[in-house]
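Proteins come first, then strands; the chains are lettered A, B, ... in the order of their sequence lines, and each starts at number 1.
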Amino acid sequence: MDVTLSPYQNTSVLETTSFPSSDVKIFQQKSYLLNVRKHRAHASGIRCSIAEHGLHPKPKPKPLKTGGYEVVKKEPDFKGSSSGLCGQIEKLVLCKRYRDALETFEILEIECQYDVIVGKSTYDALVDACISLRSIRGVKRVFSYMVNSGFEPDLYLRNRMLLMHVKCGMMIDARMLFDEMPERNLVSWNTIISGLVDSGDYMDAFRLFLIMWEEQSEASSRTFATMMRASAGLETIFPGQQLHACAIKMDVSQDIFVSCALIDMYSKCGSIEDAQCVFDVMPEKTTVGWNTIIAGYALHGYSEEALDLYYEMQDSGVRMDHFTFSMIVRICTRLASLEHAKQAHAGLVRHGFGLDIVANTALVDFYSKWGRIEDARHVFEKMPLKNVISWNALIAGYGNHGRGIEALELFNRMISERMTPNHVTFLAVLSACSYSGLSDQGWEIFETMGADFKVKPRAMHYACMIELLGREGLLDEAFALIRDAPFKPTVNMWAALLTACRVHKNLELGKFAAEKIYGMEPEKLSNYVVLLNIYNSCGKREEAASVFHTLKKKGLRMLPACTWIDVKKQQHMFISGDKSKPQVQIIRNLKKLMSEIANHGYVPKKNSLLPDVDEREEQMSLYHSEKLAVSYGLINTTNSTPLHLVQSHRICDDCHLAVKLMTKVTGRVIVVRDASRFHRFEDGKCSCGDYW
DNA sequence: CTAGGGTTAG
C-alpha cells in the first residue's frame with residue numbers, strides 16, 4: 001500500500017502523546033470559548049463586528065526611542081574637568097555603543113568620584129546600556145553610584161532601575177527595590193511580574209498579580225500578556241482560562257500582544273483547539289500571531305498541519321521572520337523533508353536572516369540529522385556568531401555519523417575558542433566517543449568533566465557510559481555503573497543496559513533490565529512488547545501470558561510498525577506485513593534485491609532477540625515496512641538520490657543487514673531515523689557501527 | 001511626559 005500522508009496520520013506513533021485528546025475536556029473548553037465569544041460580542045457589539053471584517057483599527061505604533069535624552073537643564077556635570085562625560089554617555093547609547101558608554105561611565109566614576117551629579121537622562125541611558133549587555137557588574141556600579149551620590153530618583157527612574165535589575169536576572173535585588181519603593185504604579189507591577197515570569201517563578205508571579213489586582217484593582221493589556229506567559233509556564237489550563245475571562249472583561253483580549261500570548265498559553269497548556277479559536281478571531285493576523293499558532297501545532301506533534309499553515313501564511317502576504325524559518329526548519333527535521341527544508345533555507349537567506357543564529361543552528365541540526373554532515377559543517381562555518389547550542393548541534397552530528405575523532409576535535413576547538421561547554425555538550429561528546437569506540441577518551445572526559453568544567457555528570461551521561469561499556473561487551477561493568485551511580489537509576493540507564501544485553505545476547509541480565517523499565521513506565525506500550533519477547537525467548541510461558549493479559553486489560557493495542565519515506569516531495573507510508581495489490585512491483589523489486597545481496601554474503605537473520613515490535617509470523621521479515629519503503633524509494637528515484645526514512649520502531653537485525661548490503665549493490669546512501677537512533681548506510685556500512 | 005507586553009534552535 002502506498003498512501004499519501006493524510007493529516008494526523010504521521011503523528012500517531014512517532015510523536016509524543018503528552019496531550020491525550022480527551023474528548024470531554026476539549027468539548028468543555030470549546031463551549032467555554034463559545035461563551036467567551038458571546039460575552040465579548042455582547043460587551044462591545046459594534047467594535048466586534050468591525051473587527052471581524054478586518055477593519056479593526058491598527059494598534060498605535062510604538063513611539064521611537066530616539067530623542068528624550070537631552071541633558072537635564074538644572075543638573076549638568078558641574079566640575080569643569082569632567083563636563084561632557086554625561087553627554088558623551090548618552091550619545092554613545094544612542095549609537096548603540098553600549099560597551100563604550102559603560103567604559104566612559106567607569107572613567108567618570110573613578111576620576112570624579114561622586115562629585116559629578118549624574119542627571120536623570122544619563123541614568124536612563126546607562127540603564128539601556130546595562131540591559132543590552134546583560135551586565136550585572138554594570139548594574140551594580142550604576143546603581144551604587146546613584147545611591148552614593150545621593151541622587152533621589154523619581155518614580156520613573158525607580159521603575160527604570162527596577163527594569164535594569166529584572167532584565168539582568170538580578171531578581172533578589174529587584175524584589176528589594178520593589179518592596180522599598182515609596183510609591184508604585186502599574187509599570188512597577190508589570191516590570192516585577194515580568195521578571196518573575198522570566199526567571200520561571202510562575203507561582204510568585206500569580207501571587208503578585210493577585211495582590212495587585214486586589215490592592216490597585218487595575219491591570220493593562222501588558223499585564224495580561226505577561227500573565228499569559230506565566231500561565232503557559234504552569235502548563236495548566238485553568239488559570240489561563242480565568243485570566244482570559246478577566247482580559248475580556250477588561251476589554252483587552254483583542255490586543256495584539258494579548259492575543260499572541262493567549263495562543264501560546266492555550267497551546268502550551270494542551271488545547272490547540274482553543275489556540276486556533278483565538279487565532280481565528282485575531283483582528284489582525286501579525287507575523288508573531290502566525291508564528292505562535294505554527295509553533296503550537298508543531299508542539300502538539302501536528303507537523304504536517306504546521307507546514308500547511310506556513311504556506312498559508314506565505315500566501316496571506318504577511319512578512320515572515322527569523323522565528324518563522326527557525327521553526328519551519330525544525331518541523332522539517334521531524335518530517336525528514338529535505339525539499340521543504342531546502343526551500344526554507346533559501347527563504348531564510350532571501351529574507352535577509354541568513355546570519356540568524358537560531359535559524360542557522362536549526363539548519364545545522366537538520367543537515368546533520370539527515371545524513372548531510374558536510375552541509376551542516378558548511379552552514380556552521382559560515383555563521384558569524386555561534387553559541388553553545390550551535391556547537392552542540394554539530395558535535396552531536398559528527399557523533400551520530402560515527403565520526404568521533406572529528407567530534408572530539410570540534411570539542412577541543414570549542415574550548416580553545418573560549419566557548420563554555422554545558423551538559424548537552426558532554427552528552428554529545430560522550431555519545432560520540434561511545435558510537436566510535438573511543439572508550440579511553442570517553443572515560444577521561446566523563447571523569448574530569450565535573451572538576452574541569454563544573455558540569456556534574458547526570459543520568460544521561462551515565463547512560464552514555466553504560467552504552468560505551470555495553471558496546472565492548474562489558475555488561476557487568478555497565479551494571480556496576482548503574483548500581484553505584486550517586487542517584488536513583490533512570491529508565492534511560494536501564495534501557496542502555498538492555499540494548500547491550502540484546503546485542504550481546506545476555507538474556508538473564510536483559511530480563512532484569514526489562515523488568516526494571518516495565519516497573520518504572522507501566523503505561524508505555526513498547527515496554528510490554530520488550531518484556532513479552534524476552535519472556536518468550538527465555539521460554540517463560542507463564543510470565544509472558546501474564547504480561548499479555550495485563551496489556552489486554554489496560555486496553556493497550558499493538559501498533560503495526562510503520563515507515564515513512566519522502567519521494568518527490570511526497571511522503572509515503574508503509575505498514576509492516578502489508579501484502580495488498582499495489583505492492584506487487586515493490587515486492588518483485590525487493591525479491592530481486594534480496595537475491596543480489598545474497599551474493600554479497602546476506603544470510604537472513606532470525607528474529608532478533610528483543611525486537612520492539614511483535615512478530616508472530618516467521619517469514620514476515622520480507623514485508624517489514626523499512627524494506628518495502630527502501631524498495632519503493634529505489635524504484636521511484638534516480639540513481640544518485642539518497643533515501644530518507646523515518647520509522648516508528650527500532651530497525652531489526654535483518655533489515656539492518658539487508659539495507660547495509662543494498663547500499664553496497666546500488667551505490668545509494670540510505671538514511672534511517674528509527675525509534676532509537678539515526679543510521680546512515682553507505683557502501684555496505686552503517687554509521688551506528690552495528691550497535692543500536 | 002517618559003517606562004512595562006507576545007513567537008524560534010541543541
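- Among the atoms of the strands shown, none is found under 4.0 Å from any heavy atom of A:K386.
- A:S326 comes within 4.0 angstrom of a nucleotide base, judged by non-hydrogen atoms across all strands.
- The listed nucleotides are B:dA3, B:dT8, B:dA9; the one nearest the side chain of A:H322 is B:dT8.
- Closest to the side chain of A:T361, from the set B:dT7, B:dG5, B:dA9, is B:dA9.
- If you check every strand for non-hydrogen atoms under 4.0 Å, A:D264 touches sugar and phosphate atoms only.
- Proximity of residues 409-435 of chain A to DNA chain B (heavy atom under 4.0 angstrom from any strand atom) is restricted to A:N422, A:V424.
- The side chain of A:N185 lies closest to B:dA3, out of B:dG10, B:dA3, B:dT7.
- Nearest nucleotide to the A:A225 side chain, out of B:dA3, B:dT7, B:dG5: B:dG5.
- Closest to the side chain of A:K167, out of B:dG5, B:dG10, B:dT8, is B:dG5.
- Of the candidate nucleotides B:dT8, B:dT7, B:dG5, B:dT7 has the atom nearest to the side chain of A:V288.
- Among the nucleotides B:dA3, B:dA9, B:dG5, the one closest to the side chain of A:F257 is B:dG5.
- Nucleic acid contact for A:L186: base, since at least one base atom lies under 4.0 Å from a heavy atom of the residue.
- In this model, a side-chain donor or acceptor of A:S221 finds a partner on the base of B:dG5 within 3.5 Å.
- What separates CG of A:L163 from C1' of B:dG5 is a distance of 12 Å, to the nearest Å.
- Residues A:E304 and A:Y297 fail the side-chain proximity criterion, which asks for heavy atoms closer than 4.5 Å.
- Nearest to the side chain of A:N392, among B:dG10, B:dG4, B:dT7, sits B:dG10.
- Between A:F678 and A:H401, the ring-plane angle classifies as tilted under the 30° and 60° cut-offs.
- Using modelled atom types, no side-chain atom of A:R330 and backbone atom of A:A362 make a donor-acceptor pair closer than 3.5 Å.
- Within the 4.0 angstrom heavy-atom criterion, no nucleotide atom of any strand lies near A:T324.
- Residue-nucleotide stacking is not present for A:F325 and B:dT8, judged by a side-chain ring centre under 5.5 Å from the six-membered base ring centre and planes under 30° apart.
- Here B:dG5 is the nucleotide among B:dG5, B:dT8, B:dG4 with the atom lying nearest to any side-chain atom of A:D255.
- Between the side chain of A:S231 and the backbone N or O of A:M227 there is at least one donor-acceptor pair closer than 3.5 Å.
- Side chain of A:S194, nearest nucleotide from B:dT2, B:dG5, B:dA9: B:dG5.
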